[in-house]
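Order of listing sets the numbers, starting from 1, for every ligand and every atom in it.
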Amino acid sequence: MTTNKKELENEIRTLKEILYQKEKELEQLNKVFEKSSNLSPSEISRYSRQIILPSVGVEGQLTLKKSAVLIVGVGGLGCPAGQYLAAAGIGKLDILDSDEVEITNLHRQILHVERNIGETKVKSGYDSLKRLNSNVEVNPLELHANGETLQKVFSENKYDVVVDCTDNVATRYLLNDMCVFNKVPLVSGSALQLEGQLTVYNYKKGLCYRCLFPVPPPPQTVTSCGEGGVLGAIPGVIGVLQALEVIKILLDFPGVLSGRLLIFDGSDTVFRNIKLRQRNPQCVVCGDNPVITKPIDYEQFCGSKAADKVTDIKILNSNDETDVKEFNSITKKIVIDVRQEAEFQMCHLPNSINIPYKNIVKGINLEALNEILTGVNDNEKVYFLCRRGNDSQRAVSLLKEKFNDSCAILLSVAGGLNAYKFLL
Ligand SMILES: Nc1ncnc2c1ncn2[C@@H]1O[C@H](COP(=O)(O)OP(=O)(O)OP(=O)(O)O)[C@@H](O)[C@H]1O
């Protein structure tokens, strides 16, 4: 009888201890739920692996949920950046682009798949991101960013961070200025061939793009992925790092990549950090006495309008050019394709001969060309072709000087293969 009583008392003591522990646990859980009143149980579970990081926590996750980010360019950089931001639970993700998905995009623009070819990139991006995380508000903005359109976008939305995932200098200046005017940090990335770069501008009184590059580079010196090529994984690496910088900015991490430029060399798999200058007090946009306080004509500022035409050669007179229709109508002709060897290998017109423009400039391996230009009949036409009709113009201009005693008529095909493909 006595033993039974003792046993019972012990049991009650143990049960009381368990109850005390459980009450403590409940108290802790209530505290978490109080803090996470705006996170649903499924969100808590979805983001649990990042919530348990002390530097994120429930509060950090809520901050991400309340944040608005604008991604400009849904291409090689914008796709991976968008994916990781959506997956991380950013509340509002606006994606802006004016382009459509092409087959040449698919090796790196991983939000888009084969069936999206011909669709707008923002529509395809929207569908992919919503499939990935339906909690995120994704807004597709199908427009070309310029001073006017972006001013409207900024007047209608408040962004915490802007991500520059574009591929041209004019848009870089535009985004920089808009971010300075609106006091928004700008995460800027670029990728070409086997190299990528990344930095953050306009962050906590740090430098802006114009502090670093007050004047745009000459348009002819800028190479795009379409011209120089890019290995798909390179923008992948940089785009993911852009997403990381956005999250670090939103959560106020100490190590944001401002005042430093990260260079990723994919051929040796090396990351380097270069210290950048500080904010320039004389900067025309973010300096102490800014001169530019509203958007300008960025295409004109960067000379990119003129760059579409050829500016660095003597303008050819119309007798030195032919249009694709006329070119196509001639059945028997000598065609010199001046694109790079790799481009020529990918596709070329039957019977065309590849003599790259860079060889013509350097005067190397021109035996075949010499033979053609010295062996032609009087007034025989020799057609020069490239992708868009720029290098072929340059080639004709150069060769007319070099071979001024040749009896051949040298003609550049205006618009190049790009224009020719529309005839087919
Ligand atoms: N001012 C702008 N407004 C809207 N979108 C822009 C602007 N400038 C660039 N972009 C977009 O940025 C993206 C950059 O992507 P990316 O560098 O991968 O090159 P791409 O233009 O898609 O392809 P490729 O260079 O092979 O033709 C493109 O989708 C392009 O349309």
Side-chain angles (χ1 to χ4, degrees), residues 70-83 94-113 116-126 128-129 139-154 162-179 186-198 209 216 219 222-240 242 295-302 304-305 307-308 339-340 342-343 346 387-388 416-418 421:
L70 170 66
I71 299 179
V72 184
V74 192
L77 297 167
C79 287
Q83 271 188 323
D94 288 3
I95 53 172
L96 187 156
D97 204 307
S98 52
D99 203 6
E100 286 170 2
V101 179
E102 290 177 52
I103 194 162
T104 53
N105 299 147
L106 299 188
H107 83 294
R108 67 188 191 283
Q109 305 189 9
I110 48 166
L111 286 176
H112 318 304
V113 296
N116 299 125
I117 292 171
E119 253 177 43
T120 64
K121 287 187 179 175
V122 289
K123 156 91 174 64
S124 159
Y126 170 87
S128 286
L129 293 173
N139 296 305
L141 306 175
E142 190 200 334
L143 49 94
H144 179 77
N146 58 33
E148 209 175 307
T149 55
L150 266 202
Q151 229 174 355
K152 188 161 184 292
V153 170
F154 272 83
V162 172
V163 198
D164 182 354
C165 297
T166 64
D167 57 353
N168 59 85
V169 186
T171 312
R172 286 200 191 289
Y173 279 99
L174 162 71
L175 292 178
N176 178 72
D177 293 1
M178 291 307 295
C179 284
L186 174 66
V187 178
S188 173
S190 65
L192 186 68
Q193 296 171 345
L194 282 160
E195 197 177 286
Q197 297 192 352
L198 172 78
Y209 182 66
V222 183
T223 312
S224 71
C225 290
E227 288 154 359
V230 66
L231 208 62
I234 304 290
V237 170
I238 301 297
V240 170
Q242 285 183 288
I296 58 168
D297 183 340
Y298 294 90
E299 298 280 341
Q300 193 173 38
F301 173 63
C302 295
S304 19
K305 270 179 193 155
D308 286 343
R339 291 173 304 150
Q340 291 183 39
E343 289 178 276
M346 283 195 278
R387 197 157 73 98
R388 287 186 305 181
L417 284 163
N418 261 7
K421 75 177 177 205

Checklist entry - How close does the nearest protein non-hydrogen atom get to atom 26 (O) of ligand 1, and which residue and atom is it? => result Arg108 NH2, 3.1 Å
Item to check | From Asp297 atom CG to Leu174 atom CG, the distance as rounded to the nearest 0.5 Å | outcome: 10.5 Å
Checklist outcome for this item: Only one of Asn168, Asp177, Thr171, Asn176 passes side chain to side chain donor-acceptor pair (under 3.5 Å) with Tyr298, and that residue is Asp177
Checklist entry - In the protein, what heavy atom is nearest to atom 17 (O) of ligand 1, and what distance, to one decimal place, separates them? => result Asp167 CB, 3.3 Å
Next on the checklist: Tell me whether Thr149 contacts the main-chain N or O of Asn146 through its side chain, where contact means a donor paired with an acceptor under 3.5 Å.
Outcome noted: yes
Next on the checklist: Regarding Glu119 and Asn116, do their side chains bring together a donor and an acceptor under 3.5 Å, going by distance alone?
Outcome noted: yes
Next on the checklist: Would the distance check show the side chain of Glu343 and the main-chain N or O of Gln340 forming a donor-acceptor pair, the cut-off being under 3.5 Å?
Outcome noted: yes
Checklist entry - Given Val230 and His107, is the side-chain contact (heavy atoms from CB on, under 4.5 Å) satisfied, shown in steps? => result CA-CA 10 Å; Val230 66; His107 83 294; 4.1 Å; yes
Checklist entry - Is Val74 in polar range of ligand 1, meaning some N or O pair under 3.5 Å apart? => result no
Next on the checklist: Taking 4.0 angstrom as the limit and counting only heavy atoms of Leu96, give me the atoms of ligand 1 inside it, by number and element.
Outcome noted: 4 (C)
Item to check | Atoms in ligand 1 flagged as close to Asn168, the criterion being non-hydrogen separation under 4.0 Å | outcome: 8 (N), 9 (C)
Checklist entry - Quick one: does Cys165 get a heavy atom under 4.0 Å from ligand 1? => result yes
Checklist entry - Near Gly76, which atoms of ligand 1 are under 4.0 Å from a heavy atom of that residue? => result 15 (O), 16 (P), 18 (O)
Checklist entry - Run the side-chain contact (heavy atoms from CB on, under 4.5 Å) check on Leu198 and Gln242 step by step: do they pass? => result CA-CA 7 Å; Leu198 172 78; Gln242 285 183 288; 3.3 Å; yes
Checklist entry - Closest non-hydrogen protein atom to atom 25 (O) of ligand 1, residue and atom name please, with distance? => result Gly226 N, 3.5 Å
Next on the checklist: Quick check for you: to the nearest 0.5 Å, what is the distance between Ser98 atom OG and Glu142 atom CD?
Outcome noted: 8.0 Å
Checklist entry - Between Asp97 (side chain) and Val74 (backbone), is there a donor-acceptor pair under 3.5 Å? => result yes
Checklist outcome for this item: Within 4.0 Å of some non-hydrogen atom of Leu143, the atoms of ligand 1 are 4 (C)
Item to check | Closest approach of any protein heavy atom to atom 22 (O) of ligand 1, naming residue and atom | outcome: Lys121 NZ, 2.6 Å
Checklist outcome for this item: For Asn105, the atoms of ligand 1 under 4.0 Å from one of its heavy atoms are 22 (O), 23 (O)
Next on the checklist: Looking only at protein heavy atoms, which one is nearest to atom 31 (O) of ligand 1, and what is the separation?
Outcome noted: Asp97 OD1, 2.7 Å
Checklist outcome for this item: for atom 3 (N) of ligand 1, nearest protein heavy atom and its distance come out as Ala145 N, 2.8 Å
Checklist entry - Distance below 4.0 Å between atom 29 (O) of ligand 1 and any protein heavy atom? => result yes
Item to check | Gap separating the OG1 atom of Thr166 from the CD1 atom of Ile71, nearest 0.5 angstrom | outcome: 12.5 Å
Checklist entry - Can any side-chain N or O of Gln193 pair as donor or acceptor with the backbone N or O of Gly228 at less than 3.5 Å? => result yes
Item to check | Identity and distance of the protein heavy atom lying nearest atom 10 (N) of ligand 1 | outcome: Thr166 CG2, 3.9 Å
Item to check | ligand 1 contact on Glu102 by region, counting heavy-atom pairs under 4.0 Å | outcome: neither
Next on the checklist: Give me the residue, atom name and distance of the protein heavy atom closest to atom 15 (O) of ligand 1.
Outcome noted: Gly75 CA, 3.5 Å
Item to check | Tyr126 atom OH, over 12 foreign heavy atoms within 6.0 Å | outcome: no
Next on the checklist: Would Gly73 count as being in polar contact with ligand 1, using the rule that some N or O on each side must be under 3.5 angstrom apart?
Outcome noted: no
Item to check | Within reach of ligand 1, part of Ala191 (heavy-atom separation under 4.0 Å) | outcome: neither
